[in-house]
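Working notes for the structure below.
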Amino acid sequence: MTDGVAQRGCQTDDMKMIHAMFRREFSLAGPMVRNVAEGDVDKAIRVSGFLTQLVTGLHHHHHGEDTILWDTLVERSPACAIHVGLMKEQHAQVAALLEQVDGLASTWTAAGSAESRDALAAHFDVISATLNDHLGQEEENILPVATSSLYQHEWNRLGEEGLAAIPKNRRLVQLGYILEDATPEQRTDLLARVPAPARLLYKLIGRRQFEKERDSLRAPG
């Protein structure tokens, strides 16, 4: 075994935190839409804007895996090819569902009708179920292989690509969503990797911005 191969190995728990965020937010998307009163176009626009950002975030997350992860895993662990093939198929299925969101959301925000609201909510229910199945299989079949096959700097590229895709004025709020269901250990580990100025800004203003937005979006009516 060469020195390079002996040094392979990375920590992938950060992916589980991102998955937890996507699971939670997509599971809440349907109820969040249904909570908007018929005809309340202003709130429909706010909720739709948040969900559009969520969809964009998932697109970028999957794109990062497609371009950074799959080929390297198959090259170094050929037995993983069948699982990578399944991941690609599932990404395509999720992408097809996500592409329908814009049209459904536009119809809803145009007038705020109950019919268009419920159609969008039902669609997010389907996305959530499909995504939950995909993320579970990825955690079971892909992450263990990545842990042993990739160097840490290679794995870190996924996080760097994901961060670059988040608008700078949304990063502190997005950190709140990632940390919402984190364990104390995960919270400590993630915040330790956040630059000190950003940690301070999150403590001073970011957390309150996140909580205000979260509570407003999830409130009924």
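What you see is a predicted model, and the numbers here were worked out from it, not measured in a lab.
- Interatomic distance, CD of Gln174 versus CD1 of Ile178, reported as 5.0 Å (0.5 Å rounding).
- A heavy-atom distance below 4.5 Å is not found between the side chains of Leu86 and Ile82.
- If you take CZ on Phe210 and CG on Leu172, they are separated by 12.5 Å, rounding to the nearest 0.5 Å.
- Within the 4.5 Å cutoff, side-chain heavy atoms of Leu150 are placed close to those of Thr72.
- With His59 contributing its side chain and Ala95 its backbone, the two residues share no donor-acceptor pair below 3.5 Å.
- Glu161 and His61 share no side-chain donor-acceptor pair at under 3.5 Å.
- Heavy atoms only, all atoms of each residue included: Asp125 and Pro31 are closest at OD1-CD, 4.5 Å.
- Residues Asn132 and Arg23 approach most closely at OD1-CG, 3.3 Å, considering heavy atoms.
- The closest donor-acceptor contact from the side chain of Ser116 to the backbone of Ser113 lies under 3.5 Å.
- Using a 4.5 Å heavy-atom cutoff, the side chains of Glu115 and Asp118 are not in contact.
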Glu180 vs Arg218, salt bridge (charged side-chain N to carboxylate O under 4.0 Å, His left out): CA-CA, chis, key distance, verdict: CA-CA 14 Å; Glu180 184 174 359; Arg218 296 179 188 174; 2.9 Å; yes

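- Remark: aromatic rings of Tyr177 and Phe22 are distant, center separation not under 6.0 Å.
- Rounding to the nearest 0.5 Å places CE of Met87 at 9.0 Å from CG of Leu135.
- Here the shortest heavy-atom pairing between Ile142 and Cys80 reads CD1-SG, 3.8 Å.
- The side-chain heavy atoms of Asn35 and Val47, taken from C-beta on, include no pair separated by under 4.5 Å.
- The distance from atom CZ of Phe26 to atom CE of Met21, rounded to the nearest 0.5 Å, is 8.5 Å.
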Verdict with reasoning, Gln90 to Leu131, per side-chain contact (heavy atoms from CB on, under 4.5 Å): CA-CA 8 Å; Gln90 292 177 351; Leu131 184 62; over 6 Å; no

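- Of all heavy-atom pairs spanning Ala146 and Leu73, the tightest one is CA-CD2, 3.7 Å.
- By the 4.5 Å heavy-atom criterion applied to side chains, Leu69 and Trp155 are counted as neighbours.
- Of the possible donor and acceptor atoms, none in the side chain of Ser216 sits under 3.5 Å from a partner among the backbone N and O of Lys212.
- Under the 3.5 Å distance criterion, the side-chain polar atoms of Arg157 are left unmatched by any main-chain donor or acceptor of His153.
- Here the CD-NZ distance, from Gln93 to Lys88, works out to 14.5 Å after rounding to the nearest 0.5 Å.
- With values rounded to the nearest 0.5 angstrom, Lys43 atom NZ is found 15.0 Å from Thr109 atom OG1.
- Ser77 and Ser149 form a side-chain donor-acceptor contact under 3.5 Å, judged by distance and modelled atom types alone.
- The aromatic ring centroids of His62 and His134 lie less than 6.0 Å from each other.
- The side-chain heavy atoms of Leu158 and Asp14, taken from C-beta on, include no pair separated by under 4.5 Å.
- Donor-acceptor pairing under 3.5 Å is lacking for the side chains of Glu160 and Asn156.
- Look at Glu154 and Arg8 and you find no salt bridge, because none of the NZ, NE, NH1 or NH2 atoms lies under 4.0 Å from a carboxylate O.
- Judged purely by atom type and a 3.5 angstrom limit, Arg34 has no side-chain atom pairing as donor or acceptor with the backbone of Arg117.
- The local environment of NZ in Lys16 is sparse, with at most 12 non-hydrogen atoms from other residues, nucleotides or ligands closer than 6.0 Å.
- Remark: the backbone N or O of Gln186 is paired with a side-chain donor or acceptor of Thr183 at under 3.5 angstrom.
- Pairing each heavy atom of Val101 with each of His123, the nearest pair is CG2-CD2, 3.9 Å.
- Under a 3.5 Å cut-off, the side chain of Ser128 and the backbone N or O of Phe124 do not form any donor-acceptor pair.
- A donor-acceptor contact shorter than 3.5 Å links the side chain of Ser27 to the backbone of Arg24.
- Using a 4.5 Å heavy-atom threshold, the side chains of Val36 and Trp108 count as touching.
- Between Met15 and Glu65, the closest side-chain pair of non-hydrogen atoms falls below 4.5 Å.
- Note: His83 and Trp70 fail the aromatic proximity criterion, with ring centroids not under 6.0 Å apart.
- For Arg46 (side chain) and Leu217 (main-chain N/O), no donor-acceptor pair under 3.5 Å exists by modelled atom type.
- Between the side chain of Ser148 and the main chain of Val145, a donor-acceptor pair closer than 3.5 Å is present.
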